[in-house]
2 protein chains.
Amino acid sequence: MNTYTIAEVSAKFGLPISTLRYYEEIGLLPNVARDGKNRLYNQDNLDRLAAICCFKDTGMTLKELQTLFQYEDQDHDLNEVVDLLQTHCRRVEDQLVLLKENQRHIRRKLQYYTDIRDAQLNHQPHPDWNDYPLSKF
Amino acid sequence: MNTYTIAEVSAKFGLPISTLRYYEEIGLLPNVARDGKNRLYNQDNLDRLAAICCFKDTGMTLKELQTLFQYEDQDHDLNEVVDLLQTHCRRVEDQLVLLKENQRHIRRKLQYYTDIRDAQLNHQPHPDWNDYPLSKF
DNA sequence: TCTTTACCTCAAGTATACTTGAGGTGCTAG
DNA sequence: CTAGCACCTCAAGTATACTTGAGGTAAAGA
């Protein structure tokens, strides 16, 4: 089976080496094999790491991730795993809605300042914020 | 003009009172009027606070927000404001893409564990992870 | 043989974003 | 008049998620 050095994994995932060691230390990324003292990551480790990144990037704390993996690993009551995942799914849904709305606000502001700048360049009158309704974005 | 107490603003935005004071202290939320010692927020303050929340929720740090507002407030070179907003817009776009992809992974995992649970309940054979391609989510 | 490179451990330090606590003011309801 | 509430300041404390540093090993290239 293919294995990877810590430097390779670091590059693959864009995570600092120190972070990989940290995740292992707190038990999030267990069962990393060794060649002497040096870590050797296998596909399982990479899959786990991908899951960590996915959940972390969607707003789970490392503590919650520890709980989730604990539930997954020791074949714990599956209802708890499903519950946790469902809750998180809903959180992600909410994030998506909020993110899209925030995106509209930011685009609107960008458009406004871009127009002000262009108006200044062309010695035109300044645009009016009231002409930038959210419905346009 | 309508004004609001700190408790009202806290409720409106779902932010702790301590956070409102903190934002003011670090200069993010300036020009809050006082009735004696007590803060009174006006519409401008609320607009600024809404902007803070919007940018913060899309991943800007408070330091970056300070820079942005500095650029906006002292009518600084507008190119810098536009640049900052453009960069942030791109970051939000990236977040959206990543969030959607992560959502697919999470839904897939949720479906998988739901199916395992249901299989256990019905004494059916366990599903196979390979039957859960990302393309289905 | 030297030294550079790539790792290692373990303890302590750091950045960000708040939160908490001590001690105090000023209005209002009983 | 006094109790309680809503607010205040300022300094110190905290949670999360890492990062850094000191001191060391082991193998590979010059």
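The chains referred to below are lettered A, B, ... by the order of the sequence lines, with proteins before strands, and numbering in each begins at 1.
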Inset, instruction - With sequence neighbours excluded, tell me which residues meet side-chain hydrogen bond (donor to acceptor under 3.5 Å, both in side chains) with B/Tyr113. - result: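 Expected list: A/Glu72.
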Would you mind reading off the distance between [X] atom [atom1] and [N] atom [atom2], rounded to a whole angstrom?
| X | N | atom1 | atom2 | result |
| --- | --- | --- | --- | --- |
| A/Ile52 | D/dC18 | CD1 | P | 10 Å |
| A/Leu40 | D/dA27 | CG | P | 14 Å |
| A/Ile17 | D/dC18 | CD1 | P | 15 Å |
| B/Tyr22 | C/dT20 | OH | C1' | 15 Å |
| B/Arg34 | C/dT25 | CZ | C1' | 14 Å |
| A/Glu24 | C/dC10 | CD | P | 11 Å |
| A/Leu65 | D/dC18 | CG | C1' | 15 Å |
| B/Leu20 | D/dT9 | CG | P | 13 Å |

Inset, instruction - Decide, yes or no, whether a salt bridge links B/Glu93 with A/Arg107 under the criterion of side-chain N to carboxylate O below 4.0 Å. - result: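 Counted as a salt bridge, because a side-chain N and a carboxylate O are separated by less than 4.0 Å.
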Legend entry - Under-4.0 Å salt bridge between B/Arg48 and B/Asp73: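 Result for this pair is yes, salt bridge flagged.
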Between [options], which nucleotide has the shortest distance from any of its atoms to the side chain of [X]?
| X | options | value |
| --- | --- | --- |
| B/Asn38 | C/dT16, C/dT9, D/dC7 | D/dC7 |
| A/Ser18 | C/dC18, D/dC7, D/dT20 | D/dT20 |
| A/Lys56 | D/dC18, D/dC7, C/dT9 | D/dC18 |
| B/Ile6 | D/dT16, C/dC18, D/dC7 | D/dC7 |

When you check the phosphate oxygens OP1 and OP2 of [N], does a side-chain N or O of [X] lie under 4.0 Å from one of them?
| X | N | value |
| --- | --- | --- |
| B/Thr19 | C/dA17 | no |
| B/Arg21 | D/dC8 | yes |
| A/Arg39 | C/dC8 | yes |
| B/Thr5 | D/dC7 | yes |
| B/Tyr23 | C/dC18 | yes |

Inset, instruction - Could you check whether A/Ile26 gets within reach of a base, just the sugar-phosphate, or nothing at all, counting any heavy atom under 4.0 Å? - result: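 The residue A/Ile26 makes no contact with any strand.
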Legend entry - A/Asn45 side chain vs A/Asn42 backbone, donor-acceptor pair below 3.5 Å: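 Yes.
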Legend entry - 5' precedence on DNA chain D between A/Lys37 and A/Leu15 (nearest-nucleotide basis):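 The answer here is A/Leu15.
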Legend entry - Ring centers of A/Tyr132, A/Tyr112 separated by less than 6.0 Å: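 For A/Tyr132 and A/Tyr112, the ring centres are under 6.0 Å apart.
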